[in-house]
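As structure tokens, the structure follows; a few thoughts come after it.
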Amino acid sequence: MKKIIYNLCFFLFLCINACKTPTFVEKDSVTFETGFPIQKYSYGVYCSPENQKEYIYFCSNTSDMRICFFTPEGKQDNCMPDIIFKKNALKGYLNINSTAFYNKDTVVIIDKYSPDNKMAYGNKEGEVVYQEIFESTFDSLPEKIWFLNVINNHFPSKYIYFRTKWNCQYPRDKKYAQKDYYNSKFDFWEYLKQYMIQEYAMPQICKYDAANHSYILSEPNMIQKYLLPQDSAFQITDENSQILNAAFTGESYDNKVFAWMDACNKVLVLNPDNLQVETSFEVLSDYGTIGGDPFLLKDKNQKQGEIFEKSGAIDKVLYDKNKNRYYVITRHKLPFEDFAFLSDAAFSIHIYDKNFKKLGEQYFEEGKYDFRFIILTSKGLYIAKNENSKDYDPEKVQFFRFEVK
């Protein structure tokens, strides 16, 4: 009888824990004395092979760049001193928007919007040891890349993933050449149609092999194939064709690459080796709409603004390798007049298992936390303090640490 009762209790315990929704519980706060404000695409986690310690790093993203390393407790130690780039080492890098630390001899620095799309490799001495000029790398393509936006690359990985913006501001057809843009011959709808056809046809993601200086591109027409309704007129033929805002972003890990559009609630899951789309999943919230529906080409300007103002958006995807889970962070809607205070927005963390089955969603009220800066470590999840807090100090960045229960 005792054995039966014991087995029954054990079975109930397993059922309760199996049905339990994962949650994030705030434990304490940690302050990192960086000496500079944190940057959107220039922080991460690094595990040192020398001492097996885990470090959180922040990069200043200026021409006299500094990279600071901290333990998860917010301390600095002698094993990982700051990396300070030498004067003029990054001369000509006008708009550094992303820095990733791979190891002490591989610091990857991306210059956004530069005419030639530059990427530098630095070392622990603060020297640039190699530079990639992507204007020449992609010179054989029929359409030129205008600029490369780095996908949030989570190292270690020998590959760098970018989302591409193609240099197709003006149609190639001579009938709609640039000189006609400002005169009465210009047909705006025909121009916009040709622009969107080119924009959608081009591959949206580039995988760059830093060791061999080679690259592969994702398949073309990803938007029509995977994000627009299959029963719609997904071919762009006139101003009544359905479109989505063609602005991809994403996250890359050794096991997956994630990509999504700014005004859509669907996440594409790509194979990191060949960039083929393996699956996709929708991000639905109990606290509001995420993204919007496709809209007509003729309503592009109006609908993009409406979706941006009236809906939330996917911000990042995190992978918890210890629990084999994925966390999707979504910002909830924020009135247009409040966008100057974007960090105030309420947000949610959606939890998915390895097969992208949703396990739960946790809502975070506006005001205290900043959804834009979230770090996942072995010690828990770190969420930055809201920059609009009265005692906020940009040179002493405070994070709240959460444990995943």
_Check against side chain to side chain contact (heavy atoms under 4.5 Å, CB included), Val269 and Val277_ = CA-CA 6 Å; Val269 184; Val277 176; over 6 Å; no
Kindly check if the number of other-residue, nucleotide or ligand heavy atoms within 6.0 Å of [atom1] ([X]) is above 12?
X: Glu50; atom1: CD; value: yes
X: Lys358; atom1: NZ; value: yes
X: Asp293; atom1: CG; value: no

_Tell me if the aromatic rings of Tyr369 and Phe400 count as close, with their centers under 6.0 Å from one another._
yes
If only atom types and distance count, is the side chain of [X] paired as donor or acceptor with the main-chain N or O of [Y] below 3.5 Å?
X: Arg325; Y: Tyr319; value: no
X: Lys207; Y: Ile160; value: no
X: Tyr57; Y: Phe101; value: yes
X: Asp353; Y: Lys357; value: yes
X: Thr377; Y: Gly380; value: yes
X: Tyr392; Y: Val397; value: no
X: Asn88; Y: Lys91; value: no
X: Lys333; Y: Ile307; value: no
X: Asp299; Y: Gln302; value: no
X: Gln52; Y: Pro49; value: yes

Could you label the plane-to-plane angle of the [X] and [Y] rings as parallel, tilted or perpendicular, counting under 30° as parallel and over 60° as perpendicular?
X: Phe32; Y: Phe399; answer: perpendicular
X: Phe24; Y: Phe364; answer: tilted
X: Phe356; Y: Phe281; answer: parallel

Go through the side-chain N and O atoms of [X] and [Y] and say whether any donor and acceptor fall under 3.5 Å apart.
X: Gln398; Y: Ser29; answer: yes
X: Tyr326; Y: Glu251; answer: no
X: Gln276; Y: Asn271; answer: no
X: Thr23; Y: Gln362; answer: no
X: Asp344; Y: Asn386; answer: yes
X: Asn123; Y: Lys104; answer: no
X: Glu132; Y: Tyr208; answer: yes
X: Ser378; Y: Glu54; answer: yes
X: His350; Y: Thr330; answer: yes
X: Gln39; Y: Ser60; answer: no
X: Asp77; Y: Thr71; answer: no

With rounding to the nearest 0.5 Å, note down the distance linking [atom1] in [X] to [atom2] in [Y].
X: Asn97; Y: Asp111; atom1: CG; atom2: CG; answer: 8.0 Å
X: Trp260; Y: Ser280; atom1: CH2; atom2: OG; answer: 14.0 Å
X: Thr31; Y: Glu395; atom1: OG1; atom2: CD; answer: 13.5 Å
X: Ile349; Y: Ile383; atom1: CD1; atom2: CD1; answer: 4.5 Å
X: Asp105; Y: Glu125; atom1: CG; atom2: CD; answer: 7.0 Å
X: Ile290; Y: Cys264; atom1: CD1; atom2: SG; answer: 11.0 Å

_So if I apply the salt bridge (Lys or Arg N to Asp or Glu O under 4.0 Å) rule between Asp315 and each of Lys40, Arg372, Arg331, which one comes out positive?_
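So, applying the salt bridge (Lys or Arg N to Asp or Glu O under 4.0 Å) to Asp315 and each of Lys40, Arg372, Arg331, only Lys40 qualifies.
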Does the side chain of [Y] come within less than 4.5 Å of [X]'s, by heavy atoms?
X: Lys323; Y: Val404; answer: yes
X: Glu387; Y: Pro394; answer: no
X: Ile223; Y: Phe248; answer: yes
X: Cys59; Y: Tyr43; answer: no
X: Asn61; Y: Phe36; answer: no
X: Lys396; Y: Thr34; answer: no
X: Val283; Y: Val267; answer: yes
X: Ile374; Y: Leu381; answer: yes

If every non-hydrogen atom of [X] is compared with every non-hydrogen atom of [Y], which pair is closest and at what distance?
X: Tyr93; Y: Ala120; value: OH-CB, 3.3 Å
X: Tyr352; Y: Glu282; value: OH-O, 3.6 Å
X: Gly291; Y: Ser311; value: O-OG, 3.1 Å
X: Cys206; Y: Leu217; value: CB-CD2, 3.7 Å
X: Ala89; Y: Gly126; value: CB-O, 3.8 Å
X: Cys79; Y: Tyr55; value: CB-OH, 3.6 Å

Using a strict threshold of under 4.0 Å (side-chain N to carboxylate O), is an ion pair present between [Y] and [X]?
X: Glu127; Y: Lys86; result: yes
X: Arg66; Y: Asp82; result: yes
X: Glu366; Y: Lys368; result: no

*For Tyr226, is the NZ or CZ atom of Lys266 found under 6.0 angstrom from the centre of its six-membered ring and inside 45 degrees of the ring axis?*
no
*Could you walk me through whether Lys385 and Asp391 pass the salt bridge (charged side-chain N to carboxylate O under 4.0 Å, His left out) check?*
CA-CA 10 Å; Lys385 184 177 184 176; Asp391 58 345; 2.7 Å; yes
*Could you walk me through whether Phe85 and Ile109 pass the side chain to side chain contact (heavy atoms under 4.5 Å, CB included) check?*
CA-CA 11 Å; Phe85 276 76; Ile109 302 155; 3.6 Å; yes
*Tell me, please, which residues at least two apart from Ser98 pass side chain to side chain contact (heavy atoms under 4.5 Å, CB included).*
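Only Tyr41, Ile110, Val150 meet the side chain to side chain contact (heavy atoms under 4.5 Å, CB included) criterion with Ser98.
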_Checking Lys303 against Lys300 for the side chain to side chain contact (heavy atoms under 4.5 Å, CB included) test, could you report, in this order, the C-alpha distance in whole Å, the side-chain angles of both residues, the deciding distance, and whether it holds?_
CA-CA 5 Å; Lys303 290 297 183 181; Lys300 184 176 186 292; over 6 Å; no
